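Below is the structure I would like to discuss, written out as structure tokens.
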Number of protein chains: 2
Amino acid sequence: MPTGSDNKFKARQVTRPRDQVEQQLREAILDGHFGQGDKLPPETELAQQFGVSRPTVREALGALVSAGLIRKVPGVAGGSFVNSVTPDSLSQMLSESMDTIVRIGALDIAEITAVRRVLEIPAAQWAARNRSDADIAKMRSVIEQQKRTTIDDPDIPEYDLRFHTAIGYASGNRLLGAFIAAVHDATHPAQFLDVTSDVAKKTIRQHIAIVAAIESSEPEAAAAAMNEHLDYVLQYSLPNAS
Amino acid sequence: MPTGSDNKFKARQVTRPRDQVEQQLREAILDGHFGQGDKLPPETELAQQFGVSRPTVREALGALVSAGLIRKVPGVAGGSFVNSVTPDSLSQMLSESMDTIVRIGALDIAEITAVRRVLEIPAAQWAARNRSDADIAKMRSVIEQQKRTTIDDPDIPEYDLRFHTAIGYASGNRLLGAFIAAVHDATHPAQFLDVTSDVAKKTIRQHIAIVAAIESSEPEAAAAAMNEHLDYVLQYSLPNAS
DNA sequence: GCTGGTCAATTGTCCTACAATATACACCCA
DNA sequence: TGGGTGTATATTGTAGGACAATTGACCAGC
């Protein structure tokens, strides 16, 4: 028998069944063994394959659902389907997280709006270089909607979100687009609290100016127009800040 | 009996028990009925109070764990404890999400590094205005570590992350700090692949220059120094990009 | 006073069964 | 022949109970 010299005993951390199942499934999806939209085996089958019980499988699947990797649908044609994970889903999760942190009090709306400026000005700049015709069309369609609407339309913030998000993605940088959508969404509750007709009109005029600069591929003009727009708009979004 | 004119019948969406429990607990925490660090009732008790079974409660709690709102510890003194949710937790979740999206192929590292530039230059600028002495001390201590280490130190990326994160939070904007930490973390795998002694030394010199500008409250100089540093560093982080 | 073992509360996992759900398909009636 | 209608069925959702694992607290003994 070897003398007690326990050379290099590994002692890898014990992992609970639930985590092992979750990790294996996550890896399988990320490695492409299950493509987007594919249906993974039913829970009973997975339980058999992993040698664990169905509740354990369910907890693992639940974690993947929370992570946005899969979605579950009940019914005979149901099952666990691999989600198409895109920057959009990141944006959604991000804005939810920011909401809770703001609500907890560990983040101010003012900090979010400050980041908005940091993100949206370069976005306008890059959009002037990289925009496609579809991007321009999207911005125009939002502006048309804004023109047609009235002050009591509850969807006014939604239009604004769509406009700025369109510019974000027109920058050609999907991460930048996702960030902009998220920070914009998180500032919604504090925005357009008492929008007047004049404010709405001026907002639309500024939007038009931004699109014009982007369409004619003038990065500096686009950045300047966006800067001016944010200057104007953000003063209406923080009733209780300086 | 009223003539069949069913005026304004509600038909609110049916909600599953699991979601109701999750929503109620989430609201209770966010409304402050449970403070940070508080222990909520054991699962059996919650099941009784809600009138559902323990598995249902467990699924709801599991979702809250995934959301980072609570953590669960086993054992006699265990239970579900309310997490202190901060921008840090957002940063963690964010970098994980970006990792998976990159792995799926819906995001390029190049896009992340581009956003890094957008975020870190204003951060340096603001840090020059808002930094505390503790911030400066933290940056200095990281630099000291970097000076002492050798090329084969596996923690080199970790030092760099800490340095840039310190600047992010020194900006006084917690969201900006969290974003910087996340994007920096997500670019780690592609960074410092073959760092040479010369590169390490130059990196340290640039770090020193950045701290000097921040400490002497020169926003423009800090921004310029950061810009130069990113120019230099990012060329070593993308072996397979132009 | 310190070390060690036992206890108890709580979560983790398992089993089994039933309820709810939603598609697919046959069926009936016009 | 066509369209709605009911029914079968596969799958997830919920239930309830039982046991294993974990870990701090308490207690006994040296």
Side-chain angles (χ1 to χ4, degrees), chain A residues 11-26 28-29 33-84, chain B residues 11-26 28-29 33-84:
Chain A
R12 66 174 177 283
Q13 201 68 278
V14 299
T15 55
R16 303 203 223 310
R18 185 226 135 120
D19 294 329
Q20 291 184 43
V21 173
E22 178 185 343
Q23 196 55 28
Q24 281 196 51
L25 287 176
R26 166 173 266 127
I29 293 172
H33 290 108
F34 297 100
Q36 300 187 348
D38 281 4
K39 167 177 164 330
L40 21 121
E43 296 175 349
T44 54
E45 203 169 316
L46 286 175
Q48 253 186 335
Q49 291 180 13
F50 284 110
V52 298
S53 71
R54 191 159 86 96
T56 303
V57 170
R58 279 183 65 77
E59 296 223 359
L61 290 177
L64 295 182
V65 169
S66 290
L69 267 179
I70 65 173
R71 72 180 176 286
K72 299 172 75 170
V73 310
V76 52
S80 308
F81 295 89
V82 177
N83 260 339
S84 64
Chain B
R12 67 175 173 282
Q13 200 66 279
V14 299
T15 54
R16 304 202 219 313
R18 185 227 135 122
D19 294 329
Q20 291 184 44
V21 173
E22 178 185 342
Q23 197 52 28
Q24 282 195 51
L25 287 176
R26 166 173 265 127
I29 292 173
H33 290 107
F34 297 99
Q36 299 189 347
D38 281 4
K39 169 178 162 330
L40 20 120
E43 294 175 350
T44 55
E45 203 169 314
L46 286 175
Q48 251 184 339
Q49 291 181 14
F50 285 109
V52 298
S53 70
R54 192 158 87 96
T56 302
V57 170
R58 278 182 66 75
E59 296 223 0
L61 290 177
L64 296 181
V65 169
S66 289
L69 267 180
I70 64 174
R71 73 181 173 285
K72 300 172 76 170
V73 308
V76 52
S80 307
F81 296 89
V82 177
N83 261 339
S84 64

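Hydrogens, waters and symmetry mates play no part in the numbers below; they use all other heavy atoms, side chains included. The structure displayed is predicted, hence computed values, not measured ones.
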message: Can you measure Phe81(A) atom CZ to dT12(D) atom P for me and round it to whole angstrom units?
response: 9 Å
query: Taking atom P of dT12(D) as reference, at what distance in whole Å does atom CD of Glu59(B) sit?
result: 12 Å
query: OP1 or OP2 of dG13(D) sitting under 4.0 Å from any side-chain N/O of Lys72(A)?
result: yes
- request: Could you tell me which residues satisfy side-chain contact (heavy atoms from CB on, under 4.5 Å) with Gln48(A), sequence neighbours excluded, listed by chain and number?
  value: none
- request: Tell me what Pro55(A) touches on the nucleic acid: a base, only sugar-phosphate, or nothing, going by heavy atoms under 4.0 Å.
  value: base
Secondary structure of DNA chain D in dot-bracket form (Watson-Crick or G-U wobble, distances below 3.5 Å, | marking inter-strand pairs): ||||||||||||||||||||||||||||||
message: Tell me the interatomic distance from Leu40(A), atom CG, to dT11(D), atom C1', rounded to whole angstroms.
response: 13 Å
query: How long is the line joining NZ of Lys39(B) and P of dA9(C), in whole Å?
result: 12 Å
query: Rounding to a whole Å, what distance do you find between Glu43(B):CD and dA15(D):P?
result: 14 Å
message: Does Arg58(A) contact dT11(D) through a side-chain donor or acceptor facing the base, at a distance under 3.5 Å?
response: no
- line: Whichever of Pro74(B) and Gly79(A) has the more 5' nearest nucleotide on DNA chain D, that residue is Gly79(A)
- line: Of the candidates dT14(D), dT12(D), dC14(C), the side chain of Val52(A) sits closest to dC14(C)
Arg54(A) or Gly75(B), whichever maps to the more 5' nucleotide of DNA chain C: Gly75(B)
- prompt: What nucleotide, of dT23(D), dT12(D), dT13(C), holds the atom closest to the side chain of Pro42(A)?
  reply: dT12(D)
Given dG16(D), dT13(C), dA10(D), the nucleotide with the shortest approach to the side chain of Ser53(A): dT13(C)
- prompt: Atom CD1 of Ile70(A) and atom P of dT12(D): how far apart are they, to the nearest Å?
  reply: 10 Å
Nearest heavy atoms of Ala60(B) and Val21(B), plus distance in Å: CB-CG1, 3.6 Å
field: Presence of Thr56(B) side-chain N/O under 4.0 Å of dG13(D) phosphate oxygens OP1/OP2
entry: no
- line: Taking for Val73(A) and for Val57(A) the nucleotide of DNA chain C with the nearest heavy atom, the one nearer the 5' end belongs to Val57(A)
- request: Choose from dC14(C), dA15(D), dT11(C) the nucleotide whose nearest atom is closest to any side-chain atom of Ser80(B).
  value: dT11(C)
task: For the residue pair Ile29(B) and Leu40(B), establish whether any side-chain heavy-atom pair is separated by less than 4.5 Å.
output: yes
- line: Note: Phe81(A) and Gly37(A) closest approach over all heavy atoms is CD2-O, 3.6 Å
- request: Rounded off to whole Å, could you give me the CG-to-C1' distance for the Leu64(A) and dT12(D) pair?
  value: 16 Å
- request: Mind calculating the distance between CD (Gln48(A)) and P (dT11(D)) to the nearest angstrom?
  value: 13 Å
- request: Work out which heavy atom in Val52(A) is nearest to a heavy atom in Pro17(A); give both atom names and the distance.
  value: CG1-CB, 4.3 Å
Table please: side-chain donor-acceptor pairs of residues 61-79 of chain A below 3.5 Å, with sequence neighbours left out.
unit_1	atom_1	unit_2	atom_2	d
Ser66(A)	OG	Gly62(A)	O	3.4
Arg71(A)	NH1	Asn83(A)	OD1	2.8
Lys72(A)	NZ	Glu43(A)	OE2	2.9

